Amino acid sequence: MYAARALPALLVMTVFSNWLDRPPRRAALVTLSLLGGLTVAAPAATPTTTAAIAAAAVLGAIRTAHQSTEAALIAESVDQSLRLGLYGLAGAIDQASQTAGLLAGSIISLVISTRVALWADVVSFVLAALIFASLPTSKRIARGHRPARSEGLRIIWREPTLQALILLVWASALNGPMPEVLAPDLAHGMWLPAVMAASPAGGMVFMFVVGRSQMLSSVDNQIRVVYGLGASLLLGAVVLVAQLPVLFLVVANAAIGAGFGWVFGAQATFARLVPKERMGQVEGTVVSSNILVRGIGTFLIGVIVHFTHPSVAYLVGGLAVIGGTILVGRRRGTEMSTTD
C-alpha cells in the first residue's frame, strides 16, 4: 500500500506541483477531502486487493495536494510567532486521528469486517470536508506567473537550512512505515492494534507537549530529536533480539513515533524561509518526496525482513538515521548558523 502511493505522489511533485498554489485554499481543501472519501468508497463497496491498491495510489496524490494546501494556508494566514504551536497542534490532531483510526480500524476489522472500517473512513473524509467548508475565506495573495515544475526543489536546495532539513526528513521517512509494516509479523490478536497505533500515539503526545513550547524553533534542537529517533529504532531492535514481551515493543514504537514528531518544527522553519506564494509548491515537493521515500523504505524493509529478521530492519534503520544526522550536522557548520 505504501509503495502504491509513491508514483502518484511523484506525479503531483513533478507534473502538477506548479498548480498547487493556484486554487483558493478553502475550496481546494473541501474538494480534496471529498475526493478522498470517494476514493475510499471504492474498496469499501468492492473490497478486493486491486481496488485497495488503486485507492492507495490515488490517496497518495490526494494526500500530497491536501497537506501542501493546508501548510500553505497556515503560512499565509497565521502570524510567524504562532505558527510553531499551530503546526504542533495540527500534527498532534493528525496523529490522534491516525491512532484512533488504526485502533478502531484494526478492532473493527478483527471483530466485524474490513468493509465497515472503510465506510467509517469515508465518513471521516466527509466530516473533514464540512469542517474545511466552515473556515473563513483567506485573503488572496498575488501568485505572479506560474513557476517551473521544479521550482519547489530549487527553492529548498538554494537555502542551506532547508537543504539540511529535507535530507533529515527523507532519512526519517525511510523508516516511517516500519512500526506498522512489521506489526503483523510481531504481534497477534488484540496486541496487533496496540503495536500498530503506538507510533502515532507517541507522535501525538510529543507534538502536543513540545508544541506548547518554542523548543523546536531551533534547527539544532530538531536535529537532536532526530538523534532520538535513531536511538528509538535501535531500542526496537534490542527489544526484538532480547525477545521481550510485546508491551516493550509498544513502548519502543511509541518512542519512534515521538522521534518523528520533530517534523512540525521543520514545517515551521519551511514556512519562515519559503516565500508565501510558493509555500504550496514547496510543501508539495516535501510531502510527495516523503511518500516516495516511504515507498522505497517499505520495499527495503520487506527485503531485509525476508532475508534476515525484523530486528535487523530496526537496527539498520536506526544506524541509517544516526549516521545521516551526523553527516548533516557536520555539513551545517558555520554556513547555516546565521539562518537559525
Side-chain angles (χ1 to χ4, degrees), residues 2 5-6 9-10 12-13 17 20 60 63-64 66-68 70-72 74-75 83-84 87-88 90-91 94-95 98 152-179 199-200 203 206-207 210-211 216-230 232-233 256-274 278-298 300 317-318 320-332 336 339-340:
Y2 281 110
R5 299 175 186 177
L10 183 62
V12 173
M13 181 178 74
S17 67
L20 292 175
R63 182 177 176 82
T64 300
H66 192 284
Q67 288 190 347
S68 306
E70 185 180 285
I74 292 175
R83 285 179 200 153
L84 183 64
Y87 280 125
D94 178 65
Q95 293 297 300
Q98 287 190 45
L153 192 59
R154 290 176 183 173
I155 290 173
I156 294 171
W157 225 249
R158 283 197 298 260
E159 169 56 56
T161 297
L162 300 184
Q163 186 182 127
L165 290 178
I166 194 65
L167 293 173
L168 293 178
V169 166
W170 290 339
S172 301
L174 200 63
N175 295 280
M178 186 135 14
S199 179
F206 178 89
M207 291 181 180
V210 177
L216 290 185
S217 61
S218 163
V219 175
D220 289 334
N221 284 340
Q222 294 171 32
I223 291 175
R224 292 185 183 101
V225 178
V226 182
Y227 276 119
L229 169 61
S232 299
L233 287 163
I256 290 169
F260 288 132
W262 78 274
V263 295
F264 82 83
Q267 275 189 309
T269 304
F270 270 76
R272 174 168 58 87
L273 298 177
V274 173
R278 296 288 176 261
M279 187 62 191
Q281 184 175 13
V282 170
E283 184 70 12
T285 300
V286 174
V287 174
S288 55
S289 63
N290 243 359
I291 294 175
L292 178 63
V293 171
R294 284 173 71 92
I296 295 171
T298 302
L300 293 176
V321 168
I322 292 174
T325 307
I326 290 173
L327 291 176
V328 168
R330 287 179 176 175
R331 281 188 60 185
R332 285 191 77 232
M336 306 181 105
T339 63
D340 292 349

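Remember, it's a predicted structure, so these values are computed and weren't measured experimentally. The figures that follow rest on heavy atoms only: side chains count, while hydrogens, waters and symmetry mates do not.
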*Report the C-alpha distance between Trp262 and Asn221 in whole Å, list the side-chain angles of each, state the deciding distance to 0.1 Å, and finish with yes or no for side chain to side chain contact (heavy atoms under 4.5 Å, CB included).*
CA-CA 9 Å; Trp262 78 274; Asn221 284 340; over 6 Å; no
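- Of all heavy-atom pairs between Pro177 and Thr298, the closest is CG-OG1, 3.4 Å.
- Across Gln163 and Trp157, no two heavy atoms sit closer than the pair NE2-O, 3.1 Å.
- For the pair Leu216/Tyr87, no side-chain contact is recorded, criterion being any heavy-atom separation below 4.5 Å from C-beta on.
- Considering only heavy atoms from C-beta on, Thr325 comes within 4.5 Å of Val321 through its side chain.
- Counting heavy atoms from C-beta outward, Leu233 and Met178 have side chains that approach closer than 4.5 Å.
- The line from CG of Leu84 to CD of Gln267 is 10.0 Å long, rounded to the nearest 0.5 Å.
- Counting heavy atoms from C-beta on, the side chains of Pro200 and Phe260 never come closer than 4.5 Å.
- Here the shortest heavy-atom pairing between Ser289 and Trp170 reads OG-NE1, 2.9 Å.
- The shortest side-chain heavy-atom distance between Gln222 and Leu165 falls under the 4.5 Å cut-off.
- Heavy atoms only, all atoms of each residue included: Ser172 and Val226 are closest at OG-CG1, 4.4 Å.
- Annotation: the span from Glu159 atom CD to Thr269 atom OG1 amounts to 10.0 Å, rounded to 0.5 Å.
- Closest non-hydrogen pair, Phe270 versus Ile156, comes out as CE2-CG1, 3.8 Å.
- Atom CD1 in Ile166 sits 13.0 Å away from atom OG1 in Thr161 (nearest 0.5 Å).
- Remark: Leu167 CG to Leu162 CG distance equals 11.0 Å, nearest 0.5 Å.
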*Where do Val263 and Met207 land on the side chain to side chain contact (heavy atoms under 4.5 Å, CB included) test, with the steps shown first?*
CA-CA 9 Å; Val263 295; Met207 291 181 180; 4.2 Å; yes
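- Here the side chain of Asn175 pairs a donor or acceptor atom with the backbone of Ala171 at under 3.5 angstrom.
- To the nearest 0.5 Å, atom CZ of residue Arg83 and atom OG of residue Ser217 are 13.5 Å apart.
- The minimum heavy-atom distance between Ala173 and Asn290, with the atom names listed, is CB-OD1, 3.0 Å.
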